[in-house]
Amino acid sequence: MNLRTIALNNLRRRKSRMAFLVAGLLIGVATVVALLSLTQSLTMEAEHKLESFGANILITPKSDELSLSYGGITLGGLSLDAKEIREQDLTRIESIPNSRNIAAVAPKVLGAVRVGTSRVMLMGVDPRSEFRVKGWWSLDGRRMASDDELVAGSRAAGRLGLNTGSTLMVDGNPFTVAGLLRETGSQDDDLLITTLPAAQRLLHKEGTVSLVEVAALCGDCPVSDMVDQISAALPGGKVSAIQQVVKTRIHALEQFKAFSFGVAVVVLFIGAMVVFVTMMASVNERTREIGIFRALGFRRSHIVSLILMEAVTVSLLAGFLGFLSGMGVTRLLLPWLAQGHSHLVWSPALAGGSLLLAVLVGAAASFYPALRASRMDPSEALRAI
Amino acid sequence: MAFIDIKNLQKTYIGAGGHQVDALKGLDLEVEEGVFLGIMGQSGSGKSTLLSILGGLCHPTAGMVMVDGIDLYALDQEKLADFRREYLGFVFQSFNLVPYLTALENVMLPLAVKKMPAAEKRGQALRVLGLVGLGDRGGHLPSQLSGGEQERVAIARALVNRPPLLLADEPTGSLDTATSAEIMALLRELNEDGQTIVMVTHNVENQGFFDRILVLRDGQTASTDASTIPLITNHA
């Protein structure tokens, strides 16, 4: 028989109160765990994407003029001095020192064509590399498999009345619509996309490309090094790194983290209030018992220890169950929130942290009730009997 | 020096309605070791207040309380708690057993904060449970025991620490006549083994068990039985 025996016996006896205490803390801890593990998993997913596509590099023809394009608005006719990139030069990219980091080279040729009475932007691509670089593209139908097939962007298809299997004349040449690109919210929606040779032929740009996107698997190599290496290999090209997409996602995750932190603090505060109110009620209810303990010679510190021992026991249980619940919630939500490959991260640090957090919150919220119990005048407590 | 030495004890508190109540009006009391003292009187006479002060539970307004040479109210709160644990055994009117602990665990309560081996605590508790005739009832919860058995558990709990002084507040107050007689006989037996006991009761049938009787009325000495020695003088 010691204080621990008394604490455990009391908790066993007051099962409903203990369940309420555990639930109050459990919800708080589970919320924190779910938010943190979700953020961690989503961050890892974003980092994975950054590794896969982060060092996306854009190669455009070098121009002596300043750019006259901003936010999708181009002052037409003022970039006439732009040079084309020769297609045969692209093989040089494969010889740069960091060539092993290159996942895909996606050349494109761009130009305006006429379909009926409308003028449309035609883009010629290498389907295999293009669809690898544009992982987010989604098709109704299939990719173009030959030089007389094309894929229509959602807005272009709507404007031209195209469906999968439709035929159309592009600058007098027959094409079949192999697939429709679902809305991307980008300029891709306005395009007709065909194979690189077909577009080069129609646009009279044989052997040249308008721009090249390079997808590099580059988690550790400096992007700037690769840019320099490609610039050296392609003196006629302007090479720049684009990481905005993933950077934006990481920025969004940072904001999500901050939001999560705010929510976690609020939920934990509510959990702490539940513990505080319940422990205060418990202390009031146990006036008689505390009076007996004091009359039998328990010091104030013994009463504080007894109440805190109960709080810590409940908190440990709540921390453990809260961790499991939080991870369960993450497991359920992750497939809905993650846009690509993601997996649940079982972190021992998070498990330990959730136990520690539960104990700290439980003990802090129980400290005043414990102190109040210890200050109870034993004669008053016994008079209440 | 007497084992219990009380001088000019006064206790005033604010009662219901906000008016001042003089529970004790200046009492002197000396009790020798090994005495079975009965404090009698009607409700509100101050007998429970006197017991609370003697038990270190309630600070007096004025006066001095010495037990075994220790000035109780010169001690700080924690030392006073230690004093209660080491020197006193309490038996309350309504048993005051902890409902979620077994009889044996209730008896072991005063030992819970003592640094001693668990087996020794258990052995000591079983011994006193045997002493009050409940050696085979240790595993029962209070709710599974009769009123008399609960009172015996309360007495066993008060004795487990081998305290020099046993304080009992109406220990037979909620018991039937036959069980009351058994409990009084048990207390008398303990007293004959050398235990000093101070017991508050309003039941005059118990007076035959006491070595001495103190009768209080309105916080002052009332007339006592001719065969008892006057133990209190009124300073008020």
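Order of the sequence lines fixes the chain letters, A, B, ..., with proteins taken first and strands second; residue numbering starts at 1 for each chain.
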**Item:** Heavy atoms of other groups near A:Phe367 CZ, more than 12 under 6.0 Å
**Value:** no
**Prompt:** Which atom pair, heavy atoms only, marks the closest approach of B:Ala112 to A:Phe298?
**Reply:** CB-CZ, 4.0 Å
**Asked** Ignoring hydrogens and geometry, is there a side-chain-to-backbone donor-acceptor pair from A:Glu289 to B:Val98 under 3.5 Å?
**Response** no
**Message:** Counting only non-hydrogen atoms closer than 4.5 Å, does B:Pro163 touch chain A with its backbone (N, CA, C, O), its side chain (CB onward), both, or neither?
**Reply:** neither
**Request:** Mind checking the CG-OH spacing from A:Asn10 to B:Tyr100? Nearest 0.5 Å is all I need.
**Result:** 4.0 Å
**Asked** At a heavy-atom separation under 4.5 Å, does B:Leu101 approach chain A through its side chain, its backbone, both, or neither?
**Response** side chain
**Message:** Nearest 0.5 angstrom please: B:Phe90 CZ to A:Ile292 CD1, how far?
**Reply:** 12.0 Å
**Message:** Counting only heavy atoms from other residues, nucleotides and ligands, does the tally under 6.0 Å from CZ of B:Phe83 exceed 12?
**Reply:** yes
**Asked** With a cut-off of 6.0 Å (strictly less than), are more than 12 heavy atoms of other residues, nucleotides or ligands near CZ of B:Arg122?
**Response** no
**Message:** Keeping B:Arg85 on the side-chain end and A:Leu296 on the backbone end, is there a donor-acceptor pair under 3.5 Å?
**Reply:** no
**Request:** Would you indicate whether B:Tyr73, at its atom OH, is surrounded by more than 12 heavy atoms from other residues, nucleotides or ligands within a distance under 6.0 Å?
**Result:** yes
**Asked** Are A:Arg375 and B:Gln77 close enough that some pair of their side-chain heavy atoms sits under 4.5 Å apart?
**Response** no
**Request:** Please indicate whether A:Arg372 has more than 12 foreign heavy atoms, meaning atoms of other residues, nucleotides or ligands, lying under 6.0 Å from its CZ.
**Result:** no
**Message:** If you apply the rule side chain to side chain contact (heavy atoms under 4.5 Å, CB included), what do you find for B:Val113 with A:Arg299, and how did you get there?
**Reply:** CA-CA 9 Å; B:Val113 292; A:Arg299 285 178 159 215; over 6 Å; no
**Message:** Please determine whether the number of non-hydrogen atoms from other residues, nucleotides or ligands lying under 6.0 Å from atom CD of B:Gln42 exceeds 12.
**Reply:** no
**Prompt:** Could you give the distance from CG (A:Asn2) to CG (B:Leu111), rounded to the nearest 0.5 Å?
**Reply:** 11.5 Å
**Item:** chain B contact via A:Ser301 - which portion, at a heavy-atom distance below 4.5 Å
**Value:** both
**Prompt:** What part of A:Arg4 lies closer than 4.5 angstrom to a heavy atom of chain B: side chain, backbone, both or neither?
**Reply:** neither
**Request:** Could you tell me which of B:Arg157, B:Lys79, B:His59 has the largest number of non-hydrogen atom pairs under 4.5 Å with chain A?
**Result:** B:Arg157
**Asked** So how far is it from A:Met1 CE to B:Lys121 NZ, rounded to the nearest 0.5 Å?
**Response** 8.5 Å
**Request:** Return yes when atom CZ of B:Arg137 has more than 12 non-hydrogen atoms of other residues, nucleotides or ligands closer than 6.0 Å, and no otherwise.
**Result:** yes
